[in-house]
Number of protein chains: 2
Amino acid sequence: MMDKIKQSRSYGHFCALARALDIVGERWTLLIVRELLPGPLRYTELKVSLAGIATNLLVERLRALESNGIVERRLGETGVVYALTRWGTGLREPMEALGNWGAPLLTTGRNGDSFQPRWLTLALPGLLRGVTATPPVELGLEADGFRMVLRVDEDGPSVIVRPDQPDTIFTASAEVVVGLAAGGLTIDQAVPLGDLQGDRRILSAVFPPGRVIAGRTRET
Amino acid sequence: MMDKIKQSRSYGHFCALARALDIVGERWTLLIVRELLPGPLRYTELKVSLAGIATNLLVERLRALESNGIVERRLGETGVVYALTRWGTGLREPMEALGNWGAPLLTTGRNGDSFQPRWLTLALPGLLRGVTATPPVELGLEADGFRMVLRVDEDGPSVIVRPDQPDTIFTASAEVVVGLAAGGLTIDQAVPLGDLQGDRRILSAVFPPGRVIAGRTRET
DNA sequence: CTGCATCCGCTTCGATACTG
DNA sequence: CAGTATCGAAGCGGATGCAG
């Protein structure tokens with residue numbers, strides 16, 4: 001059998017946006033990248049996390065992403081894992097911006113939609129954009145069993161997934177964490193809904209009270 | 001006949017990015033928004049500028065964008081024009097970021113791809129990101145017959161399309177203008193290739209020499 | 001001319017079943 | 001676990017038609 005590297009149809013526009021959409025504009029592609037932003041995953045993990053994707057599409061997209069230099073296959077201890085290349089991680093910024101734009105669409109509520117706590121690694125820096133801290137602060141977060149480290153430094157917020165946790169750790173449901181980041185919950189309201197270990201001042205540094213949330217609202 | 005407002009298939013993910021892609025992730029949709037960013041256009045103008053789109057798709061996408069509150073129909077003097085709502089203009093930032101990410105894809109050259117000078121209004125602020133000026137400076141640009149005003153202030157660069165032109169105007173081909181913004185051409189190289197009227201120092205303020213271009217390269 | 005609507009062949013998508 | 005194979009349904013692209 002011949003490997004057919006499927007080439008997606010091009011817009012044929014000499015424009016950086018159109019060229020970008022030529023390779024990441026197809027259905028599911030950016031969501032695959034979203035899954036890989038926090039770190040490498042195996043095929044089956046991808047399939048599970050991307051609830052709803054057809055298995056043939058997942059393979060096809062991964063092949064295309066690989067041939068375009070966005071994703072690479074690596075041999076881990078347990079088998080094959082898919083990881084973003086450096087070029088691929090550059091998609092974080094546009095994806096974060098698009099997520100920020102789309103944030104008001106979440107106010108209609110979760111309606112049987114699936115949810116994965118790893119998606120918070122994209123959402124939290126977006127919601128906290130503009131928050132800075134010197135010296136840097138780090139907060140461990142555990143939401144729905146998923147552990148991450150939220151770091152705020154002079155450049156702004158970022159989320160890393162790594163084994164060692166900082167001294168201060170906040171454990172709560174994803175809703176509470178998002179509520180805190182989105183400004184719907186104050187720290188006083190959120191803390192009793194979760195479990196805080198460590199220094200409460202870290203929380204106020206990371207989720208500064210009275211912050212003005214980028215208040216784009218839809219006027220449907 | 002019944003208006004059928006076609007609803008695009010949802011990913012069913014409770015995630016701002018996925019919700020955004022639910023409504024602007026389909027083929028052609030973001031390119032329609034790109035056309036409207038500089039200002040309202042009529043149906044036929046859209047069709048021409050978006051070389052390659054099928055007429056039924058254009059109608060369908062415009063209807064969907066309208067029902068999602070991103071585009072609105074207005075009655076101009078000459079007929080119907082399509083314009084972005086305020087919510088729609090918020091897409092500029094993610095689109096600019098995605099275009100910036102995709103900029104290296106242009107280095108393979110234009111290969112019979114179509115080109116519209118109005119696309120520069122998206123590309124130039126992207127390429128010049130990080131450049132600031134106090135007090136603000138404005139440069140008139142005419143590329144391939146399309147006129148725009150490039151403004152740089154303390155918040156960075158932006159492009160506006162408006163009738164009145166600033167005192168300093170640079171007229172050149174789109175290639176030269178892009179070369180200048182991308183750093184491939186110095187001011188000394190570019191000026192003889194075009195026509196400069198006014199103050200050359202405006203050029204150096206807008207296209208500062210020795211600027212480090214966000215040097216993401218593909219390692220295909 | 002503008003601003004679409006309709007038709008049709010092709011491609012892509014999604015769901016399910018199956019395999020090394 | 002990590003995919004391949006198949007097939008009906010939906011979406012896309014190009015051509016054409018037509019009213020205002």
Side-chain angles (χ1 to χ4, degrees), chain A residues 1-13 18 21-32 35-36 40-67 71-83 114, chain B residues 1-13 18 21-32 35-36 40-67 71-83 114:
Chain A
M1 73 179 85
M2 44 171 109
D3 325 6
K4 39 173 165 184
I5 348 93
K6 275 221 191 148
Q7 189 69 4
S8 73
R9 180 180 292 260
S10 167
Y11 287 109
H13 289 189
L21 290 174
D22 278 346
I23 60 178
V24 298
E26 282 182 309
R27 205 166 157 70
W28 290 107
T29 301
L30 280 182
L31 297 188
I32 293 174
E35 298 304 320
L36 297 179
L41 286 180
R42 290 188 297 175
Y43 182 87
T44 317
E45 295 172 313
L46 274 169
K47 178 99 172 63
V48 170
S49 197
L50 287 164
I53 195 174
T55 176
N56 54 349
L57 269 198
L58 178 53
V59 172
E60 196 175 302
R61 294 291 185 266
L62 284 170
R63 299 278 180 271
L65 283 168
E66 194 184 347
S67 84
V71 159
E72 59 186 12
R73 291 162 59 102
R74 287 187 199 156
L75 284 153
E77 306 154 358
T78 63
V80 178
V81 293
Y82 292 90
S114 67
Chain B
M1 69 179 86
M2 43 171 109
D3 328 4
K4 38 172 166 184
I5 347 91
K6 276 222 190 146
Q7 189 69 2
S8 73
R9 180 180 292 263
S10 167
Y11 288 108
H13 290 189
L21 291 174
D22 278 345
I23 62 179
V24 297
E26 282 183 309
R27 206 166 157 69
W28 290 108
T29 301
L30 280 182
L31 298 187
I32 293 174
E35 298 304 320
L36 297 179
L41 287 180
R42 292 188 298 176
Y43 183 87
T44 315
E45 295 172 313
L46 274 169
K47 178 100 170 61
V48 170
S49 197
L50 288 164
I53 194 173
T55 175
N56 55 348
L57 271 198
L58 179 53
V59 171
E60 196 174 302
R61 294 291 185 268
L62 285 170
R63 299 279 180 271
L65 283 167
E66 195 185 348
S67 85
V71 159
E72 60 186 12
R73 292 162 59 103
R74 288 187 199 153
L75 284 152
E77 306 153 359
T78 63
V80 178
V81 292
Y82 292 90
S114 66

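Between B:Tyr43 and B:Thr55, the closest side-chain pair of non-hydrogen atoms falls below 4.5 Å. Between A:Leu46 and A:Leu62 the shortest side-chain heavy-atom distance falls below 4.5 Å. Contact check for A:Leu41 versus A:Val81: no side-chain heavy atoms found under the 4.5 Å cut-off.
Atom CD in A:Glu45 sits roughly 12 Å away from atom C1' in D:dA2 (whole-Å rounding). The nearest whole Å value for the distance from the OH atom in B:Tyr43 to the C1' atom in D:dC18 is 14 Å. Protein atom CG of B:Leu58 is 13 Å distant from nucleotide atom P of D:dC12, rounded to whole Å. Rounded to a whole Å, the CG atom of A:Leu75 is 11 Å from the P atom of D:dA2. Between the CD1 atom of B:Ile32 and the C1' atom of D:dC12 there is a distance of 13 Å, given to the nearest Å. Separating the CD atom of A:Glu66 from the C1' atom of D:dG3 is a distance of 14 Å, rounded to the nearest angstrom. The distance between atom CZ of A:Arg61 and atom C1' of C:dC13, rounded to the nearest whole Å, is 8 Å. Atom CG in A:Leu21 sits about 16 Å away from atom C1' in D:dC12, given to the nearest Å.
Rounded to 10°, the helix from C:dC1-D:dG20 to C:dG20-D:dC1 has 30° between the axis fitted to its first five pairs and the one fitted to its last five.
A:Lys47 contributes atom NZ, which lies 12.5 Å from atom CD of A:Glu35 (distance to the nearest 0.5 angstrom). Put simply, CZ on A:Arg27 and CZ on B:Arg27 are 14.5 Å apart, with the number rounded to the nearest 0.5 Å. The CG atom of B:Leu65 sits 12.0 Å away from atom CD of B:Glu72, with the distance rounded to the nearest 0.5 Å.
In this model, the phosphate group of C:dC4 is approached by a side-chain N or O of B:Tyr82 to a distance below 4.0 Å at OP1 or OP2. For B:Arg73, a side-chain nitrogen or oxygen approaches OP1 or OP2 of C:dC4 to under 4.0 Å. For the OP1/OP2 pair of C:dC4 and a distance below 4.0 Å, the side-chain nitrogens and oxygens of B:Arg63 include at least one atom meeting the criterion.
Nearest approach of B:His13 to A:Ala51, heavy atoms of both residues: NE2-O, 2.9 Å. Nearest heavy atom pair, residue B:Asp22 against residue B:Ser10, reads OD2-OG, 3.0 Å.
With 3.5 Å as the limit, one finds no donor-acceptor pair spanning the side chains of A:Arg42 and A:Tyr82.
In this structure, A:Thr44 and A:Tyr11 both approach DNA chain D, and ranking their closest nucleotides by distance from the 5' end singles out A:Thr44.
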Q.
What does the B/S/- profile of nucleotides 14-19 of chain C look like, 5' to 3', with a 4.0 Å heavy-atom cutoff to protein?
A. BBBB--
